[in-house]
> 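Please read through the structure below; I'll follow up with questions.
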Amino acid sequence: MTSTPSPAPAPARRLPVRSALARGLLRAARWKKVGTAARTGIFIGAPHTSNWDWVVSLLVLWADHVSPRILIKRELFWWPLGSVLRALGGIPTDRGAGGGGLVKRLVEQARSEDEFVLVIAVDGTRAKTDHWKSGFYRIARATGLPITLGFVDGPTRTAGLGPTMHLTGDVRADMDVIRAFYADKHGVHPGRGSTPRLREEDAPTSKDAPTSEA
């Protein structure tokens with residue numbers, strides 16, 4: 001039996017009310033937003049020390065009129081929650097069977113839309129992890145999309161967007177740049193964030209090493 005692909009989220013739209021609401025919530029919570037979101041690329045949300053990091057990261061993007069895409073487990077797309085998740089930019093993701101062709105679908109979607117911002121939390125939530133998930137690296141290399149280093153820093157109550165970069169395929173060199181940026185970024189709960197490092201950096205050669213799905 002073959003499965004029918006789930007419909008893609010609607011194209012990105014400018015939502016001035018949501019943008020104003022996001023800016024208002026950030027001000028009310030006394031968070032300072034810095035940087036401006038790109039209209040195309042992969043947004044890394046890190047450090048991801050709690051669900052609040054995720055919420056603040058989304059508010060930062062919404063404040064810039066960005067309607068981000070978010071990878072969400074396919075099992076959660078039951079009615080009526082599925083409609084809500086798709087409206088928020090959710091992309092159904094099959095964690096088994098090699099991701100169900102996820103990377104290929106993302107490549108096609110990124111090439112067919114004028115604006116495409118995919119948000120990925122690369123490290124663990126609530127607890128430290130030894131390595132970041134390498135899915136963001138594989139997707140960025142496959143799509144040719146740049147990555148934007150988003151961040152949340154609890155001690156300074158600052159959140160926003162850092163530099164945008166194209167990955168070179170030299171995993172160690174790329175991660176050295178990313179490590180330098182996140183060296184002083186701590187998340188909502190300092191101490192829970194993990195050092196930006198991929199398992200593939202330990203391989204004999206790190207060039208284009210990540211091969212796992214997101």
Side-chain angles (χ1 to χ4, degrees), residues 41-58 60-61 68-76 85 89-107 109-110 116-152 159 161-183 185-189 191-203 205-214:
I42 296 173
F43 176 91
I44 292 180
H48 194 206
T49 63
S50 76
N51 289 332
W52 286 112
D53 298 77
W54 190 239
V55 172
V56 173
S57 295
L58 289 180
V60 164
L61 292 174
R69 305 291 188 257
I70 310 167
L71 302 180
I72 300 176
K73 292 180 181 180
R74 185 179 299 275
E75 292 79 7
L76 296 178
L85 294 177
I91 297 177
T93 305
D94 184 357
R95 297 291 181 178
L102 173 63
V103 172
K104 181 179 179 181
R105 288 189 287 121
L106 291 176
V107 170
Q109 192 169 345
F116 182 85
V117 177
L118 178 67
V119 182
I120 298 181
V122 291
D123 55 348
T125 305
R126 302 188 186 92
K128 282 189 174 183
T129 55
D130 293 331
H131 297 90
W132 274 15
K133 301 172 185 176
S134 60
F136 82 94
Y137 202 103
R138 174 181 172 83
I139 294 170
R141 292 290 290 165
T143 59
L145 292 173
I147 62 171
T148 296
L149 304 182
F151 74 94
V152 175
L161 304 104
T164 295
M165 58 184 285
H166 280 89
L167 299 175
T168 66
D170 186 328
V171 183
R172 292 192 188 97
D174 290 336
M175 292 305 295
D176 281 343
V177 175
I178 293 173
R179 269 189 287 274
F181 175 75
Y182 283 109
K185 311 299 189 297
H186 306 287
V188 171
H189 296 289
R192 292 186 183 177
S194 57
T195 300
R197 184 169 185 79
L198 301 184
R199 293 183 186 278
E200 290 79 5
E201 291 184 75
D202 300 326
T205 175
S206 63
K207 190 173 181 60
D208 282 327
T211 56
S212 61
E213 292 279 358

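FYI, the numbering just counts along the sequence from 1.
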> Specify the closest pair of heavy atoms between G45 and S57, including all atoms of both residues, with the distance to one decimal.
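Scanning both residues, the minimum pair turns out to be CA-OG, 4.4 Å.
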
> Testing the basics here: between F136 and L198, what is the closest heavy-atom pair and its distance to 0.1 Å?
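Closest approach of F136 to L198, heavy atoms only: CE2-CD2, 4.0 Å.
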
> Quick one: closest heavy-atom pair of W132 and A46, and the distance?
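Residues W132 and A46, closest heavy atoms: CZ2-CB, 4.0 Å.
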
> Distance from T93 atom OG1 to R74 atom CZ, nearest 0.5 Å?
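Between atom OG1 of T93 and atom CZ of R74 there are 7.5 Å.
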
> CH2 of W54: more than 12 outside heavy atoms within 6.0 angstrom?
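Correct, the count exceeds 12.
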
> Between G162 and F181, what is the shortest heavy-atom contact and its length?
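Closest pair (atom of G162, atom of F181, distance): CA-CZ, 3.7 Å.
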
> Can you check salt bridge (Lys or Arg N to Asp or Glu O under 4.0 Å) on R179 and E201, steps first, answer last?
CA-CA 13 Å; R179 269 189 287 274; E201 291 184 75; 2.8 Å; yes

> Quick one: are K133 and I120 in side-chain contact, heavy atoms under 4.5 Å?
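Side chain of K133 against side chain of I120, heavy atoms only: no contact under 4.5 Å found.
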
> Judged by atom type as modelled, is there a donor-acceptor pair below 3.5 Å linking the side chain of R141 to the main-chain atoms of L167?
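Here the side-chain-to-backbone pair exists.
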
> What's the separation between atom OG1 in T143 and atom CZ in F116, rounded to the nearest 0.5 Å?
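T143 OG1 to F116 CZ: 7.5 Å, rounded to 0.5 Å.
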
> Rounded at 0.5 Å granularity, tell me how far CD1 in I42 sits from OG1 in T164.
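So the gap between those two atoms works out to 11.5 Å.
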
> Roughly how far, to the nearest 0.5 Å, is the NE2 atom of H186 from the OG1 atom of T49?
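Taking OG1 in T49 and NE2 in H186, the distance rounds to 11.0 Å.
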
> Quick one: CG on L85 to CD1 on I70, what's the gap to the nearest 0.5 Å?
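Atom-to-atom, L85:CG and I70:CD1 are 8.5 Å apart.
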
> So, do F43 and P68 sit near enough that their side-chain heavy atoms are less than 4.5 Å apart?
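With C-beta onward as the side chain, the pair stays apart.
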
> Working to the nearest 0.5 Å, report the span between OG of S134 and CE of M175.
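S134 atom OG to M175 atom CE measures 9.5 Å (nearest 0.5 Å).
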
> Does the side chain of V152 reach to within under 4.5 Å of the side chain of K185, using non-hydrogen atoms?
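SC-SC contact between V152 and K185 ruled out.
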
> Compare every heavy atom of D53 with every heavy atom of H48, then report the nearest pair and how far apart it is.
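Closest approach of H48 to D53: CD2-CB, 3.9 Å.
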
> Given Y182, which of D123, T195, L149 fulfils the side-chain contact (heavy atoms from CB on, under 4.5 Å) condition?
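It is L149; the other options fail the test.
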
> Taking the side chain as every heavy atom from C-beta outward, state whether Q109 and L118 have any pair of such atoms under 4.5 Å apart.
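The answer is no; the side chains never approach within 4.5 Å.
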
> How about T148 and V117: do any of their side-chain heavy atoms sit closer than 4.5 Å?
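Of all side-chain heavy-atom pairs linking V117 with T148, none is under 4.5 Å.
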
> With a 4.5 Å heavy-atom cut-off, do L106 and L145 have their side chains touching?
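Contact flag for L106/L145 side chains = no.
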
